[in-house]
Amino acid sequence: MTATTPDRQQLPERRHRPFGVTMIAVIQVLSAIGWAVITIYDRPDFRDVFGSFGYYETAGPALAIFSIFIAYGLFTLKRQAWVLTMLWAGLNLTAALYGWYTGEPNYMAMVLGVITVYYLNQREVQLAFHVPLAQGWYERE
Amino acid sequence: MPSMCRLPRGGTSVNDLELLRMYEPVLRFTYGELFFPTEVGPYVQSSSLWRRERDGELTQLARAGQLTLERLACYDEIEPGQTLFLQFIDDPLEGVAYQRWRYREDRPRFHAPGRLARVGLASRLLDGFFSLSLLLRGTVPGGTTAAAAIQYEQMQRERPGYTYYGRVVRERSYIVLHYSFFYVMNDWRSSFYGVNDHEADWEQIIVYLAEQPDGPPRPEWVAFASHDYQGDDLRRRWDDPEFTRSGNHPVVFVGAGSHASYFEQGEYLHSVRLAFLKPLFVALHTAERFWRNVLRQGDREVLVNRIEGLLSVPFVDYARGDGLTIGPGQENEWTPLVITPETGWANRYRGLWGFDARDPMAGETAPGGPKFNRNGTVRISWHNPLGWAGLHKVAPSLRAADMLLAHLDDLQADLSAVEAEVDTLTTELPRLELEVRALMFSKQNERLLHDQQTALREGERTLNALYARGVDLKERIEASARYLDQIQTTDDFGDPQSHIDRIHRPQSESVVQQGRLAEGWAALSTGVVLLAFIALVISGVASWIAVLGLVIALFLLVEALLYRRLERLLLNTTVILAVISTGVLVYEFFWYIVIAAAVSVAGLIITDNIRELRG
């Protein structure tokens, strides 16, 4: 009696980018443009929000660069972009839940955050970013 | 007291003993193990025999020193509600004597890095409560292990050696070599931080040989008894590359204290689920199926298993194989003893082989013998060794080709019969259809028309079913013929682990070696969390629940940093926030969602119908 070793399941090569990922990347690009516009035109409400922290001069460009970085990572299916987008959605959800708890809900942010998390957490999307492969993402038994 | 009963004497088949020796296992123990396979005679002679009635009343049937194996065999009847048990240790070591034994100079130093560091905070809390439960449950008294170790050492000095009990059964072209090992004590809990202690321990492995008409039998499978595993999961094929052998001798890595048998060297994590949480686990699995199949969410770590792990009590079975070894070609050899149908103590004594702790979870109560369960019923491995390892459905490899050939003949005959029926129906049905048209045309007899139309429809259904069956048969024949060709030409029976549903693997080195900081944190964190909880309650802080939540969140963050799981923690938190937000949105907009869903359904129906109208 002899044994055949089963073929190790090969991970599929990076295939085409899911349409939803493209949409999220486009939204990130639009966000970057938005932050840039806000910074350039120095909107009063923006200054009110960030002025109290003293960072309004740098927050806009920083957020714009961050959004561009995320968009590029999503376009090129980089795993780090997937992680950062999930965490960013998590932060937005935290803020939205806090707002709801204190009586100032932002349901639009909540809906966008929920959709983003559920979509990115889908098996096919995770595979596109090679999420399960990353060291430390799951225990090696 | 029963009178001395005469027991028939039987002989041992020389062939049986030769077979047993040919495939006897090599046992590798963990350094620090105190007890090794031994003869039952000296143990029984050192033990007293007791009977407990249903109301708890105890009667001593034999004092230590009075009992022999022949006499033990006479105790083969137990009334309902009664328990018979041997007691090896009457006086556990206590006080100074126990401490002196624990810290003796020649005591083997066993080091167990981070049992608690391998699991999360919730599991550690449960472990703490499990330890407390030992105070409430019946347990083997502390110091019993020490006394048993001393007595076992004395027994070894008087009669040195290591013994297994072998039994040979011939069934359905298999020869079953059943090896049983007796230990005077299971000290997993007291010596190795495991689940339980109990006097006496019976363990077993089975080697399955296939009979050959023109040659010696060929080894095909081996099965090891191990905790909660059963059926197909117990056995490995003889040519499995992950199964260690020393020539024809299977190598068994023995769990320290528990004496469970493992195929691979290493440390095995066992999670003991608490029975009262079973409804929760069922609910979790239902939710998981919805999460993965309906929402198509992908969680590589199988989140529900992780949650179940959090709600289970963790224990480690150390099967390191770095201690004493016994077997052919090793530093210590076996003394085999054969069990035959005439071996009275094995076949007739139905009582327990050690102290009856009356533990409701049964973990601390001694086992039955090699043939019997604790409740006196016959073990499956004894009366049905093939079924025990799921082998009734497996053809011996030497007969597989012949059996498959005969099966192919049967399938071919079935196919021929189906094709003949198809031929008949394809001739008859058109004639019947013409007759039906004629009856419709003549309009003479409504009832006759109805009957013939019914017969026509049934005939058509039957014909279509026959076609489907014919296709299935052809596929089965094709696949079986291909497999037959493979096994006849290459002797390749495919993946040796294809039958295994749940394979138990040792933990990886990175999990075992967590680092001193992580181990220290694991040891301290459980108590600190409880102290923090008590302090908050006493302090009278207004929102102590919120503060406790923050404390637990901080603990989880520290754990994630120590065990390099920060990313996973943050991502899981994100998913949980999404689930909570979904709940909030449904709560706030419930009726809007219902109306939107209804409008969507209506819109879909209208669109679909219009599309159909337009063609």
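Residue numbering restarts at 1 for every chain, and letters A, B, ... go by the order of the sequence lines.
- Inspection of non-hydrogen atoms places no residue of residues 22-31 of chain A under 4.5 Å from chain B.
- The pair B:Asp240-B:Arg245 does not meet the salt-bridge criterion, since no charged nitrogen lies less than 4.0 angstrom from a carboxylate oxygen.
- Rounding to the nearest 0.5 Å places CG of B:Asn248 at 12.0 Å from CZ of B:Arg218.
- Of the atoms belonging to B:Gln497, not a single heavy atom falls under 4.5 Å from chain A.
- Heavy atoms of A:Leu97 lying under 4.5 Å from chain B belong exclusively to its side chain.
- If you take CG on B:Leu556 and CG on B:Leu566, they are separated by 11.5 Å, rounding to the nearest 0.5 Å.
- Using a 4.5 Å cut-off between heavy atoms, A:Val111 touches chain B through backbone and side chain atoms alike.
- In summary, the aromatic rings of B:Phe263 and B:Phe253 are positioned with their centroids too far apart to meet the 6.0 Å limit.
- Note on B:Glu242 versus B:Arg505: salt bridge recorded, some NZ/NE/NH1/NH2 to OD/OE distance being below 4.0 Å.
- Between A:Phe129 and A:Trp82, the ring planes lie tilted relative to each other; the angle falls in the 30° to 60° range.
- Environment of CZ in A:Phe69: sparse, with no more than 12 heavy atoms of neighbouring residues, nucleotides or ligands closer than 6.0 Å.
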